[in-house]
Amino acid sequence: MAVPFYDENIYLLNMKNDTEAKLLEAIPSVDVLNTTNTNSIPPTSVLKQLAVAIEAGKNFKTVKDLLASFGNSSPSKEKAGLSFSTVKSLVIREKEDKLASGFGDDKKVLALINSLFDADGKFLQRKLVSDSNTCTPKIPFIKDIHGAPPHGFVVKLSEVIGSFRSLHKMALFWCRVVIELRRFWSEEKHLPGIPVNEIPDLNSCLLYQQLQVINCCLSRKRQHYIATESFDSEMMEAGSNFKESDVSKGTVSAGSALFARLKTGELVLRQGANQLIENLAMLETGEPMYSPITQEGPLLTEDLIRETEELVLRTGSVGAGCSRLLSDMQAFKAANPGCVLEDFVRWHSPPDWIEDEPSDKVPGARGQLSSRMQKGGNLWRELWETSKPVPAIKQTPLYDEDLAVDGILNFFENIPISELFQQLFLALLSLGFVLAEDKLSANENLSKLFYECKDYVVATCQRNTWNDKVDDLCQVYETVETMLVSPEEVIKAIKQADETPTQENESPTRGELKLRFLRLGLNFGNKDKQQKKTPTTTKEPKKNADENPSRPFASFFDTKSSLFAKMSPKAKNLPQVDKPPAIDESNLTVA
């Protein structure tokens, strides 16, 4: 007969499990993030959580795979007979409902989303000393490690996601962010903390580049709408105000519209003319030449540039270049009625036009095309003969903004989970070092140590295998955080390290490294004792990492130890990712 019993060990274990489970499910508060995280650099615990997520994310291919492993997947519904637009709307709505169901209507999550997308940008706002100066010496560091701007949306997103305590919650919050990105795009709102109309910064992380594309596409759509209305208005005004009898010979204007005279004497309206090109006139008509308004090029992120280069190398295709050249020819013909190919070449590719008399400064001087332009089957001539005078505003767009943004948002929904956290990790790492440099660069006692840490981070992140060194990077970051929180203790440790003499039996390289990096907490003594106990063999000894001058930090960071670990309580007791603690069966007793 079973008899109920009470075991204190089991009770304490259950209490510990319940406490850690609550921590894993806890959602960070906006007020807590704003009050505790903005006084200094982001806590090491947040960076470590992203590091844990990088490692755990390697077990899943995409965000969807991760969420499916937690039972968030649902069977697809039958949509036979529905139109494509209806099916697309249903799919998007299902995605939003399914992803939002992970948090429900949690007020903390909604507050985080609203604060993150607040246009005022006051959430997690940190002040840099360099903000008041014209020079920005810290920006190269962000480029070196492929991070993100310190005041941008990506670094704030990194800090928020890193504040969650489980991989499941981190992935769910990212999905809520994607839903909000879709809403901003559909409502034609610019994303906060991202430049409104700038081409992608290839020195930043891919996530930041893609968000730049979204904002730039929205700006282009607005500009295209305004330009179309302005163009139509100018054409209507020109048609109503123009009277050929009031026009003398030469180029004339009616209101804001420009006209050009053909060889036949007929006046034709210039469409899409931008500005007058000095000292250039059309060869056959003698009319002044105007540069046309052309279409803007595609917005290419680093991954698209790489794909385009691979396509060109593999197939030899130049389709995109031909489309752009044809578009420019059509715009040039519309802005310069009566022009010929030679006129276009003189504007678009001056080296391919050879003047007969270089000393003659008369506009419209005769010359000839270069040899490559005169060859049979020349692509430029073939395109010129097929092109028609069409202003850029009326041409088929070379770059579809809606299609581009839709592709980016779809990619966000299926982004490789480890790749996402890697970018967030680097963004937060760059923010921490930029903030720390603001405060430590002028400190005589700590600046040298800080720049040693900074150099190590740059050297590590520029390797393709940096994601295998996230633990080392976290230790370096923790050291920098301690330098800010407890500078007196760090200075004391540095002085003690400098006073430590070098042992006579140590090699010069090893002794030099000891004096330089003992201040970071490297315990050379234990390692030396272990090496002395190791019997000599005839085999060639394996080179240790600390004997490599090109990797001076390797010994310290491979030991997984830190002199200042006890000074950073924020990084202690970091919860594991969705894994309950193991039960020690030796402590269990049965009555």
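Model, not experiment: these values are computed from the prediction.
In summary, Asp402 and Lys221 engage in a salt bridge, as defined by a charged side-chain N under 4.0 Å from a carboxylate O. Look at Lys189 and Asp118 and you find no salt bridge, because none of the NZ, NE, NH1 or NH2 atoms lies under 4.0 Å from a carboxylate O. For Glu437 and Lys454, the salt-bridge test passes: some basic side-chain N is under 4.0 Å from an acidic carboxylate O. Here Glu187 pairs with Arg183 in a salt bridge; the nearest charged N to carboxylate O distance falls below 4.0 Å. For Arg182 and Glu413, the salt-bridge test passes: some basic side-chain N is under 4.0 Å from an acidic carboxylate O. Under the 4.0 Å criterion applied to side-chain N and carboxylate O atoms, Arg261 and Glu266 are not assigned as salt-bridge partners. The pair Lys333-Asp343 does not count as a salt bridge, with every side-chain nitrogen at least 4.0 angstrom from each carboxylate oxygen.
Using a distance-only test at 3.5 Å, with no hydrogens or angles considered, no donor-acceptor pair links the side chain of Gln330 to the main chain of Pro391. No donor-acceptor distance shorter than 3.5 angstrom exists from the side chain of Arg381 to the backbone of Gly376, with no hydrogens or angles considered. A donor-acceptor distance shorter than 3.5 angstrom exists from the side chain of Gln395 to the backbone of Val390, with no hydrogens or angles considered. Side chain of Ser418 to backbone of Ile54: a donor-acceptor contact under 3.5 angstrom is found. Listed for the Ser327 side chain is no donor-acceptor partner under 3.5 Å among the backbone atoms of Ser323. Side-chain N or O atoms of Ser115 include none that pairs as donor or acceptor with a backbone N or O of Leu112 at under 3.5 Å. Proximity of a side-chain donor or acceptor of Gln295 to a complementary backbone N or O of Leu398 within less than 3.5 Å is detected. In this structure a side-chain-to-backbone donor-acceptor pair under 3.5 Å is present from Ser158 to Leu424. Side-chain atoms of Ser230 never come within 3.5 Å of backbone atoms of Ile226 as a donor-acceptor pair (strictly under, hydrogens ignored). With hydrogens and angles ignored, the 3.5 Å screen pairs a side-chain donor or acceptor of Thr285 with a backbone N or O of Glu287.
Atom CH2 of Trp347 sits about 10.0 Å away from atom CE of Met289, to the nearest 0.5 Å. Taken from OG1 in Thr460 to CG in Leu429, the straight-line distance is 10.0 Å, to the nearest 0.5 Å. Of the inter-residue distances, the one linking Asn114 atom CG with Phe123 atom CZ reads 10.5 Å to the nearest 0.5 angstrom. To the nearest 0.5 angstrom, Leu325 atom CG is 4.0 Å from Met329 atom CE. Atom CE of Met282 and atom SG of Cys339 lie 6.5 Å apart (nearest 0.5 Å). To the nearest 0.5 Å, atoms CG (Leu50) and CG (Leu426) are separated by 10.0 Å.
Heavy-atom minimum distance, Pro192 versus Leu116: CG-O, 3.9 Å. Residues Gly152 and Val155 share a closest heavy-atom pair of O-CG2, 3.1 Å. Contact detail for Pro150 and Leu431: the closest heavy-atom pair is O-CD1, 3.6 Å. In plain terms, the two heavy atoms of Ile145 and Ser430 that are nearest each other are CD1-CB, 3.5 Å. The shortest heavy-atom contact between Ala148 and Ala427 is CB-CB, 4.0 Å. Closest approach of Cys474 and Ala51 over heavy atoms only: SG-CB, 3.8 Å.
With 3.5 Å as the limit, one finds a donor-acceptor pair spanning the side chains of Asn336 and Arg270. Counted by atom type alone, Tyr225 and Glu229 present one or more donor-acceptor pairs between their side chains at under 3.5 Å. A donor-acceptor contact closer than 3.5 angstrom is absent between the side chains of Ser219 and Asn197.
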Determine all donor-acceptor pairs shorter than 3.5 Å in which one atom belongs to a side chain in residues 202-216; sequence neighbours excluded.
{"unit_1": "Ser204", "atom_1": "OG", "unit_2": "Asp201", "atom_2": "OD2", "d": "3.0"}
{"unit_1": "Gln209", "atom_1": "OE1", "unit_2": "Glu302", "atom_2": "N", "d": "2.9"}
{"unit_1": "Gln209", "atom_1": "NE2", "unit_2": "Ser204", "atom_2": "O", "d": "2.8"}
{"unit_1": "Gln212", "atom_1": "OE1", "unit_2": "Asp201", "atom_2": "N", "d": "2.7"}
{"unit_1": "Asn215", "atom_1": "OD1", "unit_2": "Leu191", "atom_2": "N", "d": "2.7"}
{"unit_1": "Asn215", "atom_1": "ND2", "unit_2": "Leu191", "atom_2": "O", "d": "3.1"}
{"unit_1": "Asn215", "atom_1": "ND2", "unit_2": "Ile194", "atom_2": "O", "d": "3.1"}
{"unit_1": "Asn215", "atom_1": "ND2", "unit_2": "Pro195", "atom_2": "O", "d": "3.3"}

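Around atom NZ of Lys375, no more than 12 heavy atoms belonging to other residues, nucleotides or ligands sit under 6.0 Å away. Annotation for Lys61: atom NZ does not count as buried by contact number, only 12 or fewer foreign heavy atoms lying within 6.0 Å.
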For this session: Any chance you could lay out the side chain to side chain contact (heavy atoms under 4.5 Å, CB included) test for Phe433 and Leu428, step after step, and finish with the verdict?
Result: CA-CA 9 Å; Phe433 270 83; Leu428 197 65; over 6 Å; no
Exercise. Yes or no on side chain to side chain contact (heavy atoms under 4.5 Å, CB included) for Gln374 and Gln368, after CA distance, side-chain angles and deciding distance?
Worked result: CA-CA 9 Å; Gln374 296 183 20; Gln368 61 181 349; 3.9 Å; yes
For this session: List the steps and the verdict of side chain to side chain contact (heavy atoms under 4.5 Å, CB included) for Leu172 and Leu67.
Result: CA-CA 8 Å; Leu172 278 176; Leu67 296 179; 3.8 Å; yes
For this session: Walk me through it: do Leu299 and Arg220 pass the test side chain to side chain contact (heavy atoms under 4.5 Å, CB included)?
Result: CA-CA 11 Å; Leu299 298 170; Arg220 285 189 177 187; 3.4 Å; yes
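Aromatic ring pairs are classed by plane angle as parallel below 30°, tilted from 30° to 60° and perpendicular above 60°; the pair Phe412 and Trp174 is perpendicular. Below 30°, between 30° and 60°, or above 60°: for Phe117 and Phe184 the angle between ring planes is between 30° and 60°, a tilted geometry.
By the side chain to side chain contact (heavy atoms under 4.5 Å, CB included) test, Glu307 is found to be paired with Leu304, residues two or more places apart in sequence or in another chain being considered.
Side-chain contact between Cys217 and Tyr399: present, with at least one pair of heavy atoms (C-beta onward) separated by less than 4.5 Å. Two residues are said to be in side-chain contact when any heavy atoms from C-beta on lie closer than 4.5 Å; Phe344 and Trp353 fail this criterion. Residues Asn274 and Pro292 have side chains not in contact (no heavy-atom distance under 4.5 Å, counting atoms from C-beta outward). Using a 4.5 Å heavy-atom threshold, the side chains of His348 and Asp328 count as touching. Leu218 has its side chain within reach of Arg222: a pair of non-hydrogen atoms, C-beta onward, lies under 4.5 Å apart. The side-chain heavy atoms of Leu157 and Phe173, taken from C-beta on, include a pair separated by under 4.5 Å. Residues Val457 and Leu473 form a side-chain contact, since some pair of their non-hydrogen atoms from C-beta on lies under 4.5 Å apart. Residues Ile161 and Phe421 are in side-chain contact: their nearest non-hydrogen atoms beyond the backbone lie under 4.5 Å apart.
Annotation: Tyr290 is not in aromatic contact with Phe332 [ring centroid separation under 6.0 Å not met].
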